[in-house]
Amino acid sequence: MITVVGTGVSAPPADVLAGAGLVVGGRRHLDAAAVPASAERVVLGPLAPALDVVERHLDKGSRVVVLASGDPGFFGIVRVLAERFGSGALDVRPGVSSVAAAFARVGVPWDDAVVVSAHGRDLRTAVNVCRARGKVAVLTGPGAGPAELGAALGSGAGAAPSGLVAQFPAPLKRVLLVASDLGTKDERVQRVTPAEAAARDWGSGVSVVLCLDESRALGGVRTVAGPPPAPSQWALEEGEFAHRDSMITKFEVRALALARLGPRLGDLVWDVGAGSGSVAVECARLGAAVVAVEKAADGVERIRANADAHGVDVQVVHGAAPDALAGLDDPDAVFVGGGGRELPGIVAACARRARRSVVVAMAALDRVPAVRAALTDAGFDCEGVLLQSSRLAPLPGDVTRLAATNPVFLLWGVRNPAYREGVAQ
């Protein structure tokens, strides 16, 4: 058996190392443990060589102990050990996870928190989760610590380029609680703004960063643990949103647009020419971080009101595309609405930046060829449909007719993985 012991935040059992032939762990764990003199010690660095040593000891019947931080089954070494040796070979003795300890230190419940690891992973996923959710724990790593997280969050959705007249969004209302060296004599938890976090050198002792919207940190009574579930419905009725003169993406169109955008937790979505912000709000309800770009001042206020009404965070840029896109972080997916002669240029600008997909809704047939060309020229595989629907409508005498809605062209492009740096491979 491999005994996997969670330590660091809570002390391991006193007898756990007795009779061990091999003890594997981080240097600080090994230095703090009473490793038998007869046992081989392996300091964890690259995993592959350490796993090979573990296998040799198992082959000769030697007892192996692996020391890990906190709960080793929570973003820890249990996954790797189980994949190599099988779950049946493991005797896991968890300690208190760094996430549980950090929330405990600040007295905040965490049954509704989202936990994301930035250790050895792309930081942008953690940043987008922090933008979309009001209670997030980020497990940090080299190059993905409080400073980098704070810099990304403190900049809002981007900085306005020189000469652009646009109201770029303020950073979301978040506070960072940086928990360092948990379980040691140097343990501390510091409350900072994202900008303050970005300006500091945090060293290497950080365990976890809590990113909170303090107005929502406590929440209500919950019966199921975990982050808020996905909404039970989407493609909401137009009446669920404030809008002007029926200038809103109809729910039939929105349903297919959402399916092609695929918004999810960890994504960043742009809604360009957002109007009422119905698409932006629906993407946010599905877990994505969202930036809505709208040139009309009354539209900006309407988007914010709709986001507040549905309890989601949407960052709003008051400006006209494509210029207003210049300072924004690259999105995973983009929805473009509208139909003016500038539409193909806006789509081209969005397609150059989108990582996964672009969806465009338009009423004018004349715009379709140019929009399609803008998508294909940027390396997207493009498809589209003409959506025509008729809704049931009452007539006098308790009878029903079909009321036609305006037809809408919906084009979508999915980035072709063979297309790189502007050259088709």
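Nothing fancy with the numbering, it's 1 onward along the sequence. This one's a predicted model, so the numbers in the text were calculated from it and none came from an experiment.
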* So, does E282 use its side chain to make a donor-acceptor pair with the main chain of A235 at under 3.5 Å? -> yes
* Asked: Is there a donor-acceptor contact under 3.5 Å from the side chain of E187 to the main chain of G183?
  -> yes
* To do: Give, for atom CG of L139 and atom NE2 of H119, the distance between the pair rounded to the nearest 0.5 Å.
  => 9.5 Å
* To do: Output yes when D329 and R131 qualify as a salt bridge under the 4.0 Å nitrogen-oxygen rule, no when they do not.
  => yes
* Asked: Taking N306 for the side chain and R302 for the main chain, is one N or O donor matched with an acceptor at less than 3.5 Å?
  -> yes
* Just by distance, do the side chain of R356 and the backbone of G262 share a donor-acceptor pair under 3.5 Å? -> yes
* **Nearest heavy atoms of V116 and T125, plus distance in Å** => CG2-CG2, 4.4 Å
* Can you find a pair of side-chain heavy atoms, one from C350 and one from L325, that are under 4.5 Å apart? -> yes
* Measuring from L30:CG to L44:CG, what's the distance to the nearest 0.5 Å? -> 7.5 Å
* Asked: Do T405 and F251 have side chains that get closer than 4.5 Å, going by heavy atoms?
  -> no
* Asked: Can F103 and L212 be said to form a side chain to side chain contact (heavy atoms under 4.5 Å, CB included), step by step?
  -> CA-CA 11 Å; F103 276 108; L212 304 180; 4.2 Å; yes
* Asked: Could you state the interatomic distance from CH2 (W202) to OG (S180), rounded to the nearest 0.5 Å?
  -> 6.0 Å
* Structure fact -> Per side chain to side chain contact (heavy atoms under 4.5 Å, CB included), I2 is matched among V78, D91, V24, L90 by L90
* Does the distance from a Lys or Arg side-chain N to an Asp or Glu carboxylate O, for R391 and E238, drop under 4.0 Å? -> yes
* For the pair E301 (side chain) and D298 (backbone), establish whether a donor and an acceptor sit closer than 3.5 Å, ignoring hydrogens and angles. => no
* **4.5 Å side-chain heavy-atom contact, V208 and V138** => no
* Asked: Does any non-hydrogen side-chain atom of V359 lie less than 4.5 Å from one of V334?
  -> no
* Asked: Does a side-chain N-to-carboxylate-O contact under 4.0 Å join R264 and D332?
  -> no
* To do: Looking only at non-hydrogen atoms, find the nearest pair between P72 and G95 and report the distance.
  => CD-N, 4.5 Å
* Quick one: closest heavy-atom pair of L375 and G413, and the distance? => CD1-N, 4.1 Å
* To do: Go through the steps to decide whether S69 and R28 satisfy the test side-chain hydrogen bond (donor to acceptor under 3.5 Å, both in side chains), and finish with yes or no.
  => CA-CA 10 Å; S69 295; R28 68 184 179 92; 3.1 Å; yes
* To do: To the nearest 0.5 angstrom, please state how far the CD1 atom of I248 sits from the NE2 atom of H243.
  => 5.0 Å
* Look at K173 together with D213 and state whether they make a salt bridge at an N to O cut-off of under 4.0 Å. => no
* Check P344 against A374 and note the closest heavy-atom contact, atom names and distance. => O-CB, 3.8 Å
* **Neighbour count above 12 (heavy atom, 6.0 Å) for R372 CZ** => no
* Asked: By ring-ring contact (aromatic ring centres under 6.0 Å, His included), which residues pair with F74, not counting sequence neighbours?
  -> none
* To do: Could you walk me through whether F75 and V115 pass the side chain to side chain contact (heavy atoms under 4.5 Å, CB included) test, one step at a time?
  => CA-CA 10 Å; F75 287 100; V115 182; 3.7 Å; yes
* Measure the shortest side-chain to side-chain distance between V253 and L410 over non-hydrogen atoms and say whether it is less than 4.5 angstrom. => yes
* To do: Just do the side chain to side chain contact (heavy atoms under 4.5 Å, CB included) check on D52 and R84 with the steps written out, would you?
  => CA-CA 10 Å; D52 291 340; R84 176 74 176 263; 2.9 Å; yes
* Do D323 and K295 sit within salt-bridge range, that is, some charged N less than 4.0 Å from a carboxylate O? -> no
* Can you tell me if CH2 on W234 sees more than 12 non-hydrogen neighbours from other groups inside 6.0 Å? -> no
* Indicate whether any N or O donor in one side chain lies under 3.5 Å from an N or O acceptor in the other, for H57 and S62. => yes
* Going through the checks in order, is the side chain to side chain contact (heavy atoms under 4.5 Å, CB included) test met by E55 and F85? -> CA-CA 8 Å; E55 186 167 8; F85 305 108; 3.9 Å; yes
* Asked: Are the side chain of H310 and the backbone N or O of V281 linked by a donor-acceptor pair below 3.5 Å?
  -> no
* Asked: CZ of F335 to CG of L261: how many Å apart, nearest 0.5 Å?
  -> 7.5 Å
* Are there more than 12 heavy atoms of other residues, nucleotides or ligands under 6.0 Å from atom CZ of R121? -> yes
* Below 4.0 angstrom, N of the basic side chain to O of the carboxylate: do D330 and R355 qualify? -> no
* **Donor-acceptor contact present, side-chain R174 to main-chain P194, <3.5 Å** => no
* Indicate the atoms forming the closest heavy-atom contact of V54 with L22, along with that distance. => CA-CD2, 3.7 Å
* To do: Could you tell me whether M1 atom CE has more than 12 heavy atoms of other residues or ligands within 6.0 Å of it?
  => yes
* Asked: Quick one: does V358's side chain get under 4.5 Å of W412's, heavy atoms only?
  -> no
* Asked: With no hydrogens and no angle check, is any side-chain donor or acceptor of R285 less than 3.5 Å from a backbone partner on Q233?
  -> yes
* To do: Take atom CG of D59 as the centre, draw a 6.0 Å sphere, and report whether it contains more than 12 heavy atoms from other residues, nucleotides or ligands.
  => yes
* To do: Establish, from distance only, whether the side-chain atoms of D186 and T184 form a donor-acceptor pair under 3.5 Å.
  => no
* Asked: Are the side chains of K135 and P109 in touch, meaning some heavy atoms are under 4.5 Å apart?
  -> yes
* **R415 side chain to A351 backbone, donor-acceptor under 3.5 Å** => yes
* Is there a donor-acceptor pair closer than 3.5 Å between any side-chain N or O of E294 and the backbone N or O of I303? -> no
* To do: Answer yes or no: is there an ion pair linking E214 with R191, defined by an N-O contact shorter than 4.0 Å?
  => yes
* Structure fact -> Minimal heavy-atom distance between L210 and A137, with the atoms involved, is CD2-CB, 3.8 Å
* **Gap between atom CD of E383 and atom CG of L411 - 0.5 Å precision** => 9.5 Å
* To do: Measure the shortest side-chain to side-chain distance between L67 and V23 over non-hydrogen atoms and say whether it is less than 4.5 angstrom.
  => yes
